[in-house]
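To start, the structure under review is shown below, and the notes come after it.
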Number of protein chains: 2
Amino acid sequence: MITRDDVAKHAGVSPATVSNVLNGSKYVSSELVSRVEQAIIELGYIPNRAAKSLASKKTDHVGILVPTLSNPYYGTIAEGMESIARHHGYIVSLIMAEGSTDQYISRIIERQLDGVFLSDFNFGLTNKQLLHMKNKGVHFIIGGDSSRSDSTSATLSGPRITVNYENSIYELLMYLKKIGHRRIAFLSGNDPLITEARQTLFLKWSHELGFDDDPDLVVSGTPPYMTLAEDGYRDTKRLLSIRKNFTAIITLNDLMAFGAMKAIREEGLHIPEDISVIGFDNIYLSETACPPLTTIHIPKYEIGQIAMKLLLEMIDGEDVQSVKLESTLILRDSVAPVKKG
Amino acid sequence: MITRDDVAKHAGVSPATVSNVLNGSKYVSSELVSRVEQAIIELGYIPNRAAKSLASKKTDHVGILVPTLSNPYYGTIAEGMESIARHHGYIVSLIMAEGSTDQYISRIIERQLDGVFLSDFNFGLTNKQLLHMKNKGVHFIIGGDSSRSDSTSATLSGPRITVNYENSIYELLMYLKKIGHRRIAFLSGNDPLITEARQTLFLKWSHELGFDDDPDLVVSGTPPYMTLAEDGYRDTKRLLSIRKNFTAIITLNDLMAFGAMKAIREEGLHIPEDISVIGFDNIYLSETACPPLTTIHIPKYEIGQIAMKLLLEMIDGEDVQSVKLESTLILRDSVAPVKKG
DNA sequence: GTGAAAGCGCTAACAA
DNA sequence: TTGTTAGCGCTTTCAC
């Protein structure tokens, strides 16, 4: 292995000088700079990260905590994060939220990651655990928009990246009202104890706009509270079987919407003529769905990018403020006016 | 920061003994083991990876090189890989195949990753680059099934994980023939210079089974040779516009199939009555497509798991053989007999 | 402006 | 069975 000392010897300078030209930490005469650079190329020298980390107490290594990668939603966020990380010499590791929260917190701390993006809110982490990470020098940004109202944990504290759905949901419901919808179902997929932001806003505006207030139309998930297509499928099937005569259904995300659409088609009903379907996220497959899915766009790639940028700032010792992004209503063909009669 | 020496002092043993109980590398009396374990808990000691890496020349850090995470195909492979890695104390980093090949090769080497899974074949890597990685102590497994026949590189050498499509494609084509199809289109999405395994096998069996041999029905992609839904959409639109009267279309992957379906619907044609559609991969959304997509299942999660297992073996100094998995034809509703008349 | 040297926390001989 | 110790390759003062 070629080490920094080899380069120093080859260039006829001291090891420290090699470090200095490499890190730009001190001024080095252009004479020596070029000699060192020459030596680096000739020897094919690549610095040893482990040694660097050990000495500098920085790993240039961050993580993204995700519940799954089957949902391209998280994949896109990860891509955004990586795109920024790469340009700053950072590498992004995948931390799957599997096992107990303590287990994946340990994995993060043990690696001395410089930072981690908690891409979703509902990992069941506690403030105590977050504090523990912080004390261990791991910076973090909290994504996702849920606000847990269960007893397990109060609102987590730390810089957040959130999305403001308020306008989009209002716009959506106004639109649905205008085209005649009165009974709208909402599939949350989540634990009934968790008050999810999307659901909360739906309920609020739904109430204010005078939609039918049938609690049966708001469906929580079943353990383990996944929000995949199969979950949307199952919950929609159940909802259809109890004949609630809703004319539109909103699901927590696009994946669940795909499942809902399948269930609706299987019952011999038509989308959007019989039932309109609306998702959340605007994953890129929602456009090629059949019919193309009306959904609320979340700037996923940007979320990943911003998360990484904030992390970089925090690592630099800067104070970081929470960031709020806006969602956008995307109208496609899965929504139509209620049939007359 | 709590170090190993602190633990040693606290437990009244030598630092080496702490290492030994931590790594199980040597026998330690149960008396000392419990004293050390106690101290570790009391102090909340977490070993420093950087120091460990520096001393052991192992990072317990691997990577997965992927072209994109918008396609859940790669997400699922990454999940499989991570599931095994985690249980062996490894962490998986995301290496996006962006920039030049030299750039991401450097990123891998510089991090001294113990290993990397090249999830797809067509990254444009050369044998020389692979050799370079190997010499730097980075083990690798090659996934994907393409066989480049262009001048850039001959077949890459190294342990592979491949999927045998032969049977599935034969089975598919036999089935299509039986139900009356004679003109079948194939969207490769790729560079025409790249002879892709899926395409090659299609051509071979297509020829042997006596399907119409119209070269216009085999469509290459356009730079930058992506295989996303929009690419399938665009190529199908073009194909439909030149009125080739095909009755079935096979696309390189499910994503392209989704795009193809959209294009077909937009032309006012019906799936499967007018045109049957078949994909590859069996990503989990293919089941909720409309109609549910007939496709060839690739064991994605298993590929990730096996890749990681092979990597672990290589890191252990074992000789590793290439692995060949079988694909499976999944019949769903996007295929139907050709209409009479 | 440049270099010498003391760590960073751990592994892995080798001693005891 | 347990302990001692010499590195691993780099950062970072602090002299020169």
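Nothing here was measured: the structure is a model prediction, and the numbers come from that model. Throughout, protein chains are lettered first and strands after them, A, B, ... in sequence-line order, and every chain is numbered starting at 1.
A donor-acceptor pair under 3.5 Å is absent between the side-chain atoms of B:Ser93 and the main chain of A:Ile91, judged by distance alone. Side-chain N or O atoms of A:Thr17 include none that pairs as donor or acceptor with a backbone N or O of A:Val13 at under 3.5 Å.
Between the CG atom of B:Asn20 and the C1' atom of C:dC10 there is a distance of 12 Å, rounded to whole Å. Between B:Asp60 atom CG and C:dC10 atom P there is a gap of 14 Å when expressed in whole angstrom units. Nucleotide C:dG9 holds its C1' atom 16 Å from the CZ atom of A:Arg111, rounded to whole Å. Taking atom CG of A:Asp5 as the reference point, atom P of D:dC10 lies 7 Å away to the nearest angstrom. In this structure, A:Met1 places its CE atom 10 Å from C1' of D:dC8, rounding to the nearest Å. Rounded to a whole Å, the NZ atom of B:Lys9 is 15 Å from the C1' atom of D:dG3. Residue B:Gln112 contributes atom CD, which lies 9 Å from atom P of D:dG9 at whole-angstrom precision. One atom, NZ of A:Lys58, and another, P of C:dG9, lie 17 Å apart when rounded to the nearest Å.
When distances run from any side-chain atom of B:Leu54 to the nucleotides C:dG3, D:dG9, D:dT2, the shortest one goes to D:dG9. Taking the side chain of A:Ala16 as heavy atoms from C-beta on, and the options D:dG9, C:dC10, C:dA4, the nearest nucleotide is C:dA4. Listed nucleotides: C:dA12, C:dG3, C:dC10. Nearest to the side chain of B:Ala51: C:dC10. When the nucleotides D:dT2, C:dC10, C:dT2 are ranked by their closest atom to the side chain of B:Lys52, C:dC10 comes out on top.
Ionic pairing of A:Arg107 and B:Glu82 is present here: one or more N-O contacts between side-chain nitrogen and carboxylate oxygen are shorter than 4.0 angstrom. A salt bridge is defined here as a Lys NZ or Arg NE, NH1 or NH2 lying under 4.0 Å from an Asp or Glu carboxylate O, and B:Lys309 with B:Glu313 fails to meet this definition.
From B:His132, atom NE2 reaches atom CD1 of B:Ile108 across 11.5 Å, with rounding to the nearest 0.5 Å.
The side chain of A:Ser14 contributes an N or O atom lying less than 4.0 Å from OP1 or OP2 of C:dG3. Put simply, A:Thr17 has a side-chain N or O that comes within less than 4.0 Å of OP1 or OP2 on C:dG3. Residue B:Ser29 places at least one side-chain N or O closer than 4.0 Å to OP1 or OP2 of D:dT2. Side-chain nitrogen and oxygen atoms of A:Lys57 include at least one within less than 4.0 Å of the OP1 or OP2 phosphate oxygen of C:dG9.
Within the nucleic acid shown, A:Pro47 comes within 4.0 Å of sugar-phosphate atoms alone, with no base atom in reach, counting heavy atoms only. Using a 4.0 Å heavy-atom distance criterion, B:Thr3 is classed as a sugar-phosphate-only contact.
Of the two residues contacting DNA chain D, namely B:Ser30 and B:Ala55, the nearest-nucleotide position lying further toward the 5' end is that of B:Ser30.
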